[in-house]
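Naming convention: chains lettered A, B, ... in sequence-line order (proteins, then strands); numbering from 1 in each chain.
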Amino acid sequence: MAAENHFLLARLIVREHGLPGRAREASDRSLVRLIALGDRAALEELYARHASALLEYVVALVGDRALAEELVQDTLVAAWRAAGRFEGKAAVRTWLFGIARCQARDRTRGRRLVVTATDDALLTVADDRLGPEALSMARAGAEVLAAKVARLTPFQREVLVLAFVEGWQMAEIAALLDVPIGTVKSRLNSARRALRALLVSEDEDCQR
Amino acid sequence: MTVSEHVAEDRLVAWVAGALRREEGEVIERHVTGCERCRVEAESWRAVAVAMRASAAARPAPGPELMAQVLRRIDAEPARPRNGDALRRAWSILVGQRPLVQRELWAASALVMVLGVVVVVSSKVAATGVLGLLAPLVAALGVSMIYGPEVDPALEVTLATPTSARAVMLARLTLVTAYDLALALVASSVLAAVGAAPTLGGLVGSWLGPMLLLSTLSLLLSVWSRPAVGIAVALGLWSVRVLADVHGMFAFVNANVVDAVWSTSAATLLAAAVCLALAAAVTGTRERLA
């Protein structure tokens, strides 16, 4: 049975490329069913599909690469244990990211998630003038931008990573965070304001 | 351009993130090119996207050692009973296949059997005649409808799962056959209880052998060729049997031979087993060719 599983799993992996979203989700679900039956190869395939995105997300949540890697490990071990209880109400990756979110929350309970320099004053910087900031943001180097992103709050980074790095639509983000879509929108906007404010403040620093 | 025509914020964000289908993206692109307000808004989001992707790209992807660590932790856990438990696995496949058998099959089979019982009770026709006629036919038509792209639109996805095609086919066969056996047994018990048949054993004997032979034969033809072929041959063979009983209908068919073929005997059970083995073998071959 094991050899047969591996043969079919190989075919599943080959076929998975270029599948439309729904078929991809169906094949993700097959993996979770196999994991529930104790199939390690299926867990490895689930890891291959989602680990990069998952790590990126957890880094956004906790702001620390080493801790994030540990949490991704915890998430996969938890998924291995919980696969039998996966009910299919949400998409597999929403389920997986949800586990990661709980792990991150449990691990960081009682202390501030990340050191963040973004204070309320920065958040309230007027943002009516869209053009110049957007342009200078686009011109800034990758490292400068990464340093700015690191100074956002976890909530802000979370929605930005989900929307722009993972390419999730707002409805799926809302399902993961268990909040209304309107809340996702307002968090995205507050994150954009904060990022822009960080950029402006640095420009002013340079001019001094 | 009115305000209501502006691109909704969630669409705009999804477009900038590249998460929209091409057609929808093109519609937004056309609007944004001509609309100053949406263009500025999109540029602002694009700057955010650039920053987020730049900060993501600065980090290397997780390596294989992370997964290796996960596997070590899993191995350190006490073995789960479901790990390699063949019975549990078979049960889970069986339960998983139930929703994929065409829903009408369950109701239609039950309806035919109920009608059969009603006919026997109300008209005093011999119970062995009616059940012996209906039970094998219901089962044969049922099993020829369980497997194949024509009768299962989800088969493509099912085959993409690591459960073997043969296991899927046998699971469905088990489900449908068990259901039809149960139906026929209930019908027989009811008829024996109301005195429509002398003995329950005799009544069961009138349909059991023919049911297994006709349904496995029909299954074999259905997986080897197409469900329609399985159904047609089952109907054809069954018509010959019925008409052979009508004296003189087929002078060239010896009614005694026909009755001997369609009875519950060691020979019919053996033939049914051979058909089943062949059907499983054919399904397995198809799977490798696919």
Side-chain angles (χ1 to χ4, degrees), chain A residues 1 4-5 8-9 11-12 15 23 26-27 30 33-34 36-40 42-44 47 51-52 55-56 59 65 69 72-73 76-77 80-81 84 130-131 133-135 137-138 140-143 145-146 148-150 160-161 163-165 167-171 181 185 188 191-192 195-196, chain B residues 9-11 13-14 16-20 40-41 43-67 69-71 73-75 77 79-80 82-86 88-89 92 96 154 156-165 167 287-288 290:
Chain A
M1 189 51 98
E4 195 178 29
N5 267 359
L8 281 151
L9 190 58
R11 207 173 69 185
L12 181 61
R15 293 171 59 128
S27 94
S30 315
R33 274 197 294 277
L34 282 172
L37 295 167
D39 190 324
R40 295 160 46 119
L43 186 71
E44 289 182 71
Y47 172 83
S52 292
L55 184 64
E56 198 52 54
V59 169
R65 166 87 186 205
E69 286 201 1
V72 168
Q73 268 188 31
L76 283 157
V77 173
W80 170 260
R81 292 188 193 129
L130 290 161
E133 290 90 345
L135 282 177
M137 246 164 143
E143 279 166 27
L145 289 173
K148 288 181 192 313
V149 170
L160 289 181
V161 162
F164 294 107
V165 181
W168 287 27
Q169 306 228 0
M170 285 197 197
I181 288 192
K185 277 186 197 170
L188 271 172
R192 173 170 66 163
L195 199 54
R196 199 178 296 140
Chain B
E9 190 167 36
D10 56 339
R11 300 288 84 195
V13 165
V16 169
L20 289 186
V40 169
E41 191 67 6
E43 237 163 57
S44 168
W45 283 122
R46 191 166 290 126
V48 172
V50 166
M52 293 312 295
R53 289 192 197 128
S55 82
R59 276 185 287 277
E65 71 284 352
L66 203 158
M67 187 65 211
Q69 186 64 31
V70 169
L71 291 177
R73 281 172 62 180
I74 286 170
D75 289 341
E77 290 189 358
R80 295 187 291 184
R82 57 187 163 180
N83 222 338
D85 184 337
R88 244 173 202 271
R89 190 185 160 83
S92 120
E156 199 39 32
V157 175
T158 308
L159 288 181
T161 65
T163 302
S164 80
E287 175 196 342
R288 277 192 290 277

Top contributor to chain A contacts, counting heavy-atom pairs under 4.5 Å, from B:P62, B:A17, B:G18: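 Highest number of heavy-atom pairs under 4.5 Å: B:P62.
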
Max heavy-atom pair count under 4.5 Å with chain A, selected residue of B:D10, B:V70, B:L66: B:L66

Any B:L20 side-chain heavy atom under 4.5 Å of A:Q169 side chain: yes

If you round to the nearest 0.5 Å, how far is [atom2] of [Y] from [atom1] of [X]?
X: B:S44; Y: A:R196; atom1: OG; atom2: CZ; result: 4.0 Å
X: A:L43; Y: B:M67; atom1: CG; atom2: CE; result: 4.0 Å
X: A:R40; Y: B:I74; atom1: CZ; atom2: CD1; result: 7.0 Å

Give, as side chain, backbone, both or neither, the part of [X] having an atom under 4.5 angstrom from any heavy atom of chain B.
X: A:Q73; result: both
X: A:L160; result: both
X: A:V161; result: both

Heavy-atom donor-acceptor pair, B:E9 side chain to A:K185 backbone, under 3.5 Å: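 Checking the backbone N and O of A:K185 against the side chain of B:E9, no donor-acceptor pair under 3.5 Å is found.
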
Heavy-atom proximity to chain A below 4.5 Å, by part of B:R46: neither

When A:V149, A:I181, A:V165 are compared by non-hydrogen pairs under 4.5 Å with chain B, the top option: A:V149

Ion pair check, A:E56 and B:R53, cut-off under 4.0 Å: no

Closest approach of A:F164 to B:A49 (non-hydrogen atoms, all atoms of both residues):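 Smallest heavy-atom distance, with atoms named: CD2-CB, 3.5 Å.
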
